[in-house]
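So the structure is just underneath, and the comments pick up after that.
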Amino acid sequence: MNTFFLIEATGGGGNYDGIVLFFAAIMFGPAILLAIIGFALLKKNKKAAKVLFILAAVYVIVSLGICGSMMA
């Protein structure tokens, strides 16, 4: 049986793919969303786009430090 977030009750290890995908989504999801919004605003408002790109970069750096330490 393929379980994502639960460890099997039979004591056999379990599958941690769901947890890894969850942390990867937390690490990269908001940064990708901010970058997409930044590209959408790039022609209309360059200053706002630059701020969103900086926020996306800072979010990736912080999330890789926090979530990366939890995954190791």
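For the numbers below, each heavy atom of this structure counts, side chains included, while hydrogens, waters and symmetry mates do not.
Summarising the geometry of Ala56 relative to Ala31, their closest heavy-atom pair is CB-O, 3.6 Å, with the distance given to 0.1 Å. Between Pro30 and Ala25, the shortest heavy-atom distance links the atoms CD-O, 3.7 Å. Nearest heavy-atom pair across Gly38 and Ala49 is O-CB, 3.3 Å.
Grouping the Ile, Leu, Val, Met, Phe, Trp and Tyr side chains by contacts below 4.5 angstrom, directly or via other members, places Ile54 with Val62. Ile36 and Val51 are not part of a single hydrophobic cluster, where members link through side-chain heavy atoms under 4.5 Å apart.
For residues 33-54, the ring pair (Phe, Tyr, Trp, His ring centres under 6.0 Å) pairs, not counting sequence neighbours, are Phe39-Phe53.
Residues meeting the side-chain contact (heavy atoms from CB on, under 4.5 Å) test with Ile37, sequence neighbours left out: Leu33, Leu41, Leu52.
Here CZ of Phe28 is found 4.5 Å from CG of Leu64. Values are rounded to the nearest 0.5 Å.
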